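To keep things clear, I will list the structure first and then write my remarks on it.
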Amino acid sequence: MDFDLSQNQTMFRDMVRDFARKEIAPIAQEMDEQSGMPDDLIAKMRDSGFFGLAFPEQYGGLGADTVTYGLVVEELAKASAGVCVMLTVHNSVGSYPVAMFGSEDIKREYLPRMAAGEIAAFCVTEPGAGSDAAALTTTARKDGDAYILDGSKIFVTNGSRAAFFVVVARTPGTTGHRDTHAFIVPRETPGLTVGKKEDKMGLRASDTTVVDFSGAKVPAACLLGSEGDGFKIAMAALDGGRIGIAFQALGIGMACLEEAVRYAAVREQFGKPLLKQPVIGNMIADMGTELEAARLLALQAAWLKDSGRPYGKQAAMAKLASSEAAWRAADKAVQIHGGYGFCKEYPVERYYRDVRVTRIYEGTSEIQRLVIARHLGRDYV
Ligand code: COS
């Protein structure tokens, strides 16, 4: 067994780490306060190829493998989890369904534009369909050589900026997962409206919106996979997306650990630095150990995906372990900072808010446990 990264993986990670430290971290607090990110940062990330990170080279991407992608996501999340999620949604659930299930014509039409920086989003969740994704009610009615979409999607990351939306909808009058279909829908489609922007607890640099469809006509060529594949395409996309969220959570958790250690090294109480006091040392040891264990799971899931083997179970385990470990790390980091950790002057206050959603989106921790238990049931019964 070899735990070393390849030269290419190290090079990619270091390049993004350098960019994140210089271009993202210095404005992370400001982006959080202003609830947005500057256009010139997006332009710089576009020029650096970040929007094509996980895209195949033949469609204009950098063709990074999943391990490299994960390492890069961790670096971005350490600097700003909000910037990170904009890129992870674009590079995974927003584009993967097109890369994996689009026709060759659709791939040629959309992937190079996405890789060049036209942003992608993923529309599955609805007011009545969150954890129970198959309960979605947005309809796709066949109309000659097109489909007409009607319904409302919520919690759409990148909604304000996206040029393309992957949308899952169902045949009118049906229930369950079988009559669902996935489409790639360009933003300029008449009848598609981007609605309310959510005022969120964390990830405030990224935008999350409602997207409404009212008689939105999509050519049949925009169908991804075959009719009836919608739910399975969404699930497959989420399997990969969850690896990205695992690394995002790790990035936030590592930022908490680093800040906590630095603070504990200089903050003195009872005549010596906090770091030298066993009660604080124990907290820091637990943070480091839990994050390192979660990283191994995330790397294993990424490696399985790169090896072309099944990875759904490990992706769910990685997301569960990383988001829960990072959440505990954020709580400890605030605790170690004491009252200062409760103030915006210290970045752990932002990390504590940002990490919370990693236990919720792309499948709650409860749904990850459900997925894992089903896999284990199949493994051992
Ligand atoms: N990849 C491909 N196909 C999958 C799959 C996956 N990861 N998971 C399930 N499927 C298939 C199943 O094989 C089944 O197919 P058949 O009918 O041909 O046997 C079908 O999809 C239905 O699967 P299942 O019965 O497991 O569906 P459930 O309704 O029980 O739901 C959960 C499964 C709960 C796991 C799913 O709804 C889920 O992941 N929910 C969370 C949604 C989520 O993450 N939302 C966040 C969106 S981004 S903010």
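For ligands, and for the atoms within them, numbers begin at 1 and follow the listed sequence. As the structure is a computational prediction, the values presented were derived from the model and not from experiment.
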Carboxylate-amine/guanidinium contact Glu362 Lys319, below 4.0 Å: no
Centroid-centroid under 6.0 Å between Phe50 and Phe19 rings: yes
Protein non-hydrogen atom found under 4.0 Å from atom 12 (C) of ligand 1: no
Ring-ring centroid check Phe155 Tyr361, cutoff 6.0 Å: no
Closest protein heavy atom (residue, atom, distance) for atom 16 (P) of ligand 1: Lys232 NZ, 3.7 Å
Within reach of ligand 1, part of Phe155 (heavy-atom separation under 4.0 Å): neither
Trp327-Tyr352 aromatic ring centre distance below 6.0 Å: yes
Ile360 CD1 to Ile367 CD1 distance, which is reported to the nearest 0.5 Å: 12.5 Å
Salt-bridge contact Arg204-Asp199 (side-chain N to carboxylate O under 4.0 Å): yes
Donor-acceptor contact present, side-chain Arg295 to main-chain Phe247, <3.5 Å: no
Check: Arg178 N/O within less than 3.5 Å of ligand 1 N/O: yes
Exercise check, heavy-atom protein proximity under 4.0 Å to atom 32 (C) of ligand 1: no
Proximity to ligand 1 by part of Arg242, non-hydrogen separation under 4.0 Å: side chain
For His177, atoms of ligand 1 separated by under 4.0 Å from a heavy atom: 15 (O), 16 (P), 17 (O), 20 (C), 22 (C)
Shortest protein contact, atom 37 (O) of ligand 1 (heavy atom only): Ser131 O, 3.3 Å
Heavy-atom protein neighbour under 4.0 angstrom from atom 1 (N) of ligand 1: yes
Numbering as shown, the atoms of ligand 1 that approach Val371 to under 4.0 Å (heavy-atom distance): 35 (C)
Closest contact, heavy atoms only, Val166 versus Gly94: CG2-O, 3.3 Å
Minimum-distance protein heavy atom relative to atom 49 (S) of ligand 1: Glu362 N, 3.7 Å
Under 3.5 Å side-chain donor-acceptor pair for Tyr263 and Glu258: no
Nearest protein heavy atom with distance in Å, relative to atom 7 (N) of ligand 1: Asp239 OD2, 2.8 Å
For atom 47 (C) of ligand 1, closest protein heavy-atom neighbour: Thr125 OG1, 3.5 Å
No-hydrogen, no-angle side-chain donor-acceptor test under 3.5 Å, Thr68 and Asp65: yes
Top protein contact for atom 23 (O) of ligand 1, by heavy-atom distance: Phe231 CE2, 3.8 Å
Part of Thr364 within contact of ligand 1 (heavy atoms, under 4.0 Å): neither
Identity and separation of the nearest protein heavy atom to atom 28 (P) of ligand 1: Arg374 NH1, 4.0 Å
From Phe164, Phe122, Phe55, residue fulfilling ring-ring contact (aromatic ring centres under 6.0 Å, His included) relative to His90: Phe55
Nearest candidate to atom 43 (C) of ligand 1, where distance is taken over non-hydrogen atoms, out of Leu370, Leu238, Thr157, Ile360: Leu238
Part of Met235 within contact of ligand 1 (heavy atoms, under 4.0 Å): both
Test item, Val124 contacting ligand 1 (heavy atom, 4.0 angstrom): no
Whether Ala236 lies under 4.0 Å from ligand 1, heavy atom: yes
Single hit among Arg350, Arg353, Lys200 for salt bridge (charged side-chain N to carboxylate O under 4.0 Å, His left out) with Asp32: Arg353
Residue and atom name of the nearest protein heavy atom (relative to atom 45 (N) of ligand 1), distance in Å to one decimal: Gly130 O, 3.9 Å
Check against side chain to side chain contact (heavy atoms under 4.5 Å, CB included), Met283 and Ile280: CA-CA 5 Å; Met283 286 163 87; Ile280 302 296; 4.1 Å; yes
